[in-house]
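Order of the sequence lines fixes the chain letters, A, B, ..., with proteins taken first and strands second; residue numbering starts at 1 for each chain. Here the structure is a predicted model, which means the values were calculated and not measured.
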There are 2 protein chains.
Amino acid sequence: MEVLASSTGPMSATELLDELRKGQRGAGIGIATIYRSLKRGVEHGELIAVELESGAVRYEPSDLEHHHHFLCTGCSRAFDLEGCVKNLEQLLPTGFEMTRHEVLLHGRCAECRIAG
Amino acid sequence: MEVLASSTGPMSATELLDELRKGQRGAGIGIATIYRSLKRGVEHGELIAVELESGAVRYEPSDLEHHHHFLCTGCSRAFDLEGCVKNLEQLLPTGFEMTRHEVLLHGRCAECRIAG
DNA sequence: GGAGAGATGATAATTGATTCTCAAATAGGG
DNA sequence: CCCTATTTGAGAATCAATTATCATCTCTCC
């Protein structure tokens, strides 16, 4: 079930289903199995759920370096980005405590730009 | 319908309903009216929909300065943050085009920290 | 080869958010 | 005030994502 490990970014259950059905190994796989496996993966700590947008939870391996994401407005795919940004603490109001942060870039991926 | 204008952050339809029902002006308001008004607000360009997390679209006035958001893990409220960060372009893979970006901080707001 | 445990796929059921429907309430304009 | 057009609230309906159900498969071990 680790098509995810070789993916260029986090995938949703549906994306995973489509991708798996393309390969010979997962020809007749059902959506229920996808959800079951994803759930187990998260419970076992192998996967992390990321919510980049409303109505679509995506999953990625939990052993990735700290990184952020890019969401393509053309194909709706999410891509991993390397690196991070500085000085996030300066955004924080006094009295607030930050435990986590996300940076999400929107735009068109290389593929979609070429496609027009 | 501009409780939103005086809010400390973007609100969801449900939050807005609860908030309005507290005041005498919107005592018996229904959720349908909230959605109708929000939709109209977005269509007329007075409001902007922001999706900070799965399954909850929030709305904010469209005339705010560029800013980002903080999502409290305690009370689930969203807060506006002032300012922005630099060097976001450096995250972008070659060939990708960025049209928009979001920074979302997670943690506990001042109120929730005090509450324990 | 067969029994039992667990996994699987198809589909039904659930869930939460949003939209639709419709009768009642309201707002103007004469 | 009365008439028409619009808005409203309540609840039903829709929709997409996720979960549950269940009969079938697939193992493993005997």
Report the residues that fulfil side-chain contact (heavy atoms from CB on, under 4.5 Å) with Leu104(B), sequence neighbours left out, ordered by chain and then residue number.
->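 For Leu104(B), the residues satisfying side-chain contact (heavy atoms from CB on, under 4.5 Å) (neighbours in sequence not counted) are Glu102(A), Leu52(B), His69(B), Leu71(B), His106(B).
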
Pairing residues for Arg108(B) by the side chain to side chain donor-acceptor pair (under 3.5 Å) criterion, not counting sequence neighbours =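 Here no residue qualifies.
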
Side chain to side chain donor-acceptor pair (under 3.5 Å) partners of His66(B), counting only residues at least two apart =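 Scan of His66(B) (side chain to side chain donor-acceptor pair (under 3.5 Å), adjacent residues dropped) gives His68(B), His101(B).
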
Sequence neighbours left out, what pairs pass side-chain hydrogen bond (donor to acceptor under 3.5 Å, both in side chains) with at least one residue falling in residues 3-15 of chain B?
->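 Sorted result for residues 3-15 of chain B: Glu15(B)-Arg58(B).
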
Determine which pairs satisfy side-chain hydrogen bond (donor to acceptor under 3.5 Å, both in side chains) with at least one residue from residues 85-94 of chain B, sequence neighbours left out, and list them in order.
->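 Every pair satisfying side-chain hydrogen bond (donor to acceptor under 3.5 Å, both in side chains) with a residue in residues 85-94 of chain B: there are none.
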
Reading nucleotides 10-15 of chain C from the 5' end, what letters show protein touch, with B for base, S for backbone sugar-phosphate only, - for no heavy atom under 4.0 Å?
-> B-----

Kindly say if Tyr35(B) contacts the phosphate of dT19(C), meaning a side-chain N or O under 4.0 Å from OP1 or OP2.
->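 Answer no for this pair, as no side-chain N or O of Tyr35(B) is under 4.0 Å from OP1 or OP2.
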
OP1 or OP2 of dG9(C) less than 4.0 angstrom from a side-chain nitrogen or oxygen of Thr33(A), does that happen here?
->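 For dG9(C), OP1/OP2 do have a side-chain N/O of Thr33(A) under 4.0 Å.
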
Trace of the salt bridge (charged side-chain N to carboxylate O under 4.0 Å, His left out) decision for Glu43(B) with Arg40(B) | CA-CA 5 Å; Glu43(B) 283 166 0; Arg40(B) 214 175 333 165; over 6 Å; no

Distance in angstrom units between [X] [atom1] and [N] [atom2], rounded:
X        : N       : atom1 : atom2 : result
Leu17(B) : dT18(C) : CG    : P     : 12 Å
Ile34(A) : dA7(C)  : CD1   : C1'   : 14 Å
Glu51(A) : dA17(D) : CD    : C1'   : 12 Å

Taking only the side-chain heavy atoms of Lys39(B) (C-beta and beyond), determine which of dC20(C), dT19(D), dT18(D) contains the nearest atom.
->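 Between dC20(C), dT19(D), dT18(D), the one nearest the side chain of Lys39(B) would be dC20(C).
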
